[in-house]
Amino acid sequence: MDKKFAGIILAAGEGTRMKSAIPKVLHPICGKPMLAYVLDLAKKLKLSKTLVVVGNKKELFKGLLDEYQAKAIYQDKRLGTADAVKRARGILKSFSGNILILYGDQPLLQAKTLKELMQKHLASCASATILTAAMEDPLGYGRIVRDNYARITEIVEDKDAANEQKNIKEVNTGIICFKKNGLFKAITRIRTDNAKREYYLTDAIKIMAGEGLVVESLCITVDPAQAQGINSRQDLAQAQKIMRLRILDKLIASGVSIVDPQATQIDYDCKIGPDSIIYPFTVIEKDVIIGKFCSIGPFCHLRPGTRVEDRAIIGNFTEVVRSRIGKDTLMKHFSYIGDAAVGKNVNIGCGTVTANFDGKNKQKTVIADSAFIGADTILRAPLKIGKKAVTGAGSVVTKEVKAGEVVAGVPARPLKFAPPKAGLI
Ligand code: UD1
Ligand code: CA
């Protein structure tokens with residue numbers, strides 16, 4: 001199926017209802033731009049080409065599109081969905097397969113649904129196959145109009161629909177497979193004689209049906225919310241909720257305990273090992289990796305670049321960023337660890353802070369295995385704390401502490417006596 005389809009993702013819309021300086025499709029959902037979810041779909045479907053139609057601020061798309069090896073197509077004026085698709089014509093000159101139209105503002109779509117649509121399109125040899133959905137409240141969507149034999153004759157846009165057509169609950173999700181040649185032939189005949197004075201891609205359906213070409217459809221029955229377009233910040237919050245629960249469900253199914261899914265935020269692409277427990281009011285940002293049998297939270301914030309190894313405990317009111325926390329290490333309360341490599345079996349006392357920012361750069365802290373960091377220690381980076389070293393409560397450590405050494409005070413200095421069993425607590 002793969003090489004038979006090229007994808008065109010429409011993403012040039014202004015997204016005015018978002019009231020934002022950032023293009024709508026670049027707004028993040030669970031740590032990842034909306035458009036990246038659609039690009040992921042294109043990747044999963046192994047489309048032979050992925051073209052993304054962008055409008056204003058096209059420079060903001062470059063990094064993301066490069067990452068996915070997708071090609072940007074520029075639409076200088078928003079003249080409508082048919083005009084957006086027309087812009088891809090040149091690049092697809094030598095391509096003779098099918099086109100899958102996707103929208104950059106539909107991040108909730110599932111690959112399974114699209115595969116089914118593409119298969120139906122190929123199997124039925126249709127000129128167009130529309131993904132439709134039954135919506136309780138179809139307001140704003142294009143309605144699917146059928147004749148007495150249930151054949152699709154046209155899609156009528158909400159603003160152009162006659163009163164009886166407004167009652168139709170089957171809507172166009174926007175996702176349509178087309179035979180390429182038929183599509184571009186029909187597009188040249190599309191005019192702007194409609195309520196929005198735009199070139200509607202949906203008019204291609206009326207043109208094709210009028211010529212007696214086969215127009216098929218697949219109606220989403222499972223989870224119709226997946227076709228929802230994001231137009232406002234309310235929609236964005238709703239999508240965030242759905243995506244968050246999808247991510248949590250997947251983790252739960254893989255053996256992670258999430259004590260209260262309603263009160264837990266875990267971004268896309270985090271990995272958590274089985275038998276780890278995540279307590280409420282915890283935020284785990286993108287790409288964080290957590291091992292097995294760990295305990296995280298409540299009220300814990302793990303930011304990008306964090307890796308927590310097996311059996312570590314990161315307790316309440318804690319933040320970790322760009323750091324590794326070794327096996328069996330305890331960091332149970334009120335601590336900030338940034339830009340640090342913490343070994344195994346370390347005790348990070350309550351209130352420990354890595355002072356990692358010198359005003360210009362982020363500096364590194366290394367804490368070796370079995371070190372004991374006393375409560376309320378400030379570790380001024382760059383800094384190394386040796387194996388089994390100990391810092392006294394309230395220390396401000398500014399210089400390297402050697403293995404087994406015990407320091408205390410402000411600034412911290414080595415203690416003359418060796419405390420009993422230091423570092424083995
Ligand atoms: C469109 C469909 C409608 C469908 C609905 C589903 C048309 C005419 N209508 O309506 O049948 O029910 O989606 O959500 O296609 N875009 C561009 N360039 C443009 C205009 C739009 O790239 O000149 C992009 C937008 O960024 C967006 C997509 O195309 O991703 C859809 O455009 P939008 O204006 O939101 O269409 P709707 O009115 O929602
Ligand atoms: Ca829309």
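When a ligand or atom number is given, it counts from 1 through the structure's own listing order.
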Q: Could you verify whether a donor N or O on one side chain and an acceptor N or O on the other, from Gln265 and Thr282, lie under 3.5 Å apart?
A: no

| task | Check whether the side chains of Arg311 and Ser276 place a donor and an acceptor atom closer than 3.5 Å, and report yes or no. | result | no

Discussion item. Between ligand 1 and Asp105, can you find any atom pair, the residue atom being a heavy atom, that is separated by under 4.0 Å?
Written reply: yes

Verify the distance criterion only: is there a donor paired with an acceptor across the side chains of Thr377 and Thr391 at less than 3.5 Å? yes

For Gly142, the ligand 1 atoms with a heavy-atom partner under 4.0 Å come out as 3 (C), 4 (C), 11 (O), 12 (O)

Kindly check if the number of other-residue, nucleotide or ligand heavy atoms within 6.0 Å of OH (Tyr279) is above 12?
no

Check whether any N or O atom of Asn172, backbone or side chain, sits under 3.5 Å from an N or O atom of ligand 1, and answer yes or no.
yes

Under 4.0 Å between heavy atoms, the region of Arg143 that gets near ligand 1 turns out to be neither

Determine, for Lys44 against Asp40, whether the closest basic-nitrogen to carboxylate-oxygen distance falls under 4.0 angstrom.
no

Does ligand 1 have an atom that lies less than 4.0 angstrom from a heavy atom of Glu198? no

Answer yes if the side chains of Gln363 and Asn356 hold a donor-acceptor pair under 3.5 Å, and no otherwise.
no

Note: Asp83, heavy atoms under 4.0 Å from ligand 1, region reported as neither

(request) Compute the minimum heavy-atom distance from Gly229 to ligand 1 and say whether it is under 4.0 Å. (result) no

Checking heavy atoms under 4.0 Å, the part of Val25 that sits near ligand 1 is neither

TODO: Indicate yes or no: does an N/O atom of Gln75 lie under 3.5 Å from an N/O atom of ligand 1?
DONE: yes

Margin query: With a 4.0 Å cut-off on N to O distance, would you call Asp339 and Arg322 a salt bridge?
Written below: yes

Restricting to heavy atoms, the pick from Ala133, Gly13, Ala84, Gly80 nearest atom 20 (C) of ligand 1 would be Gly80

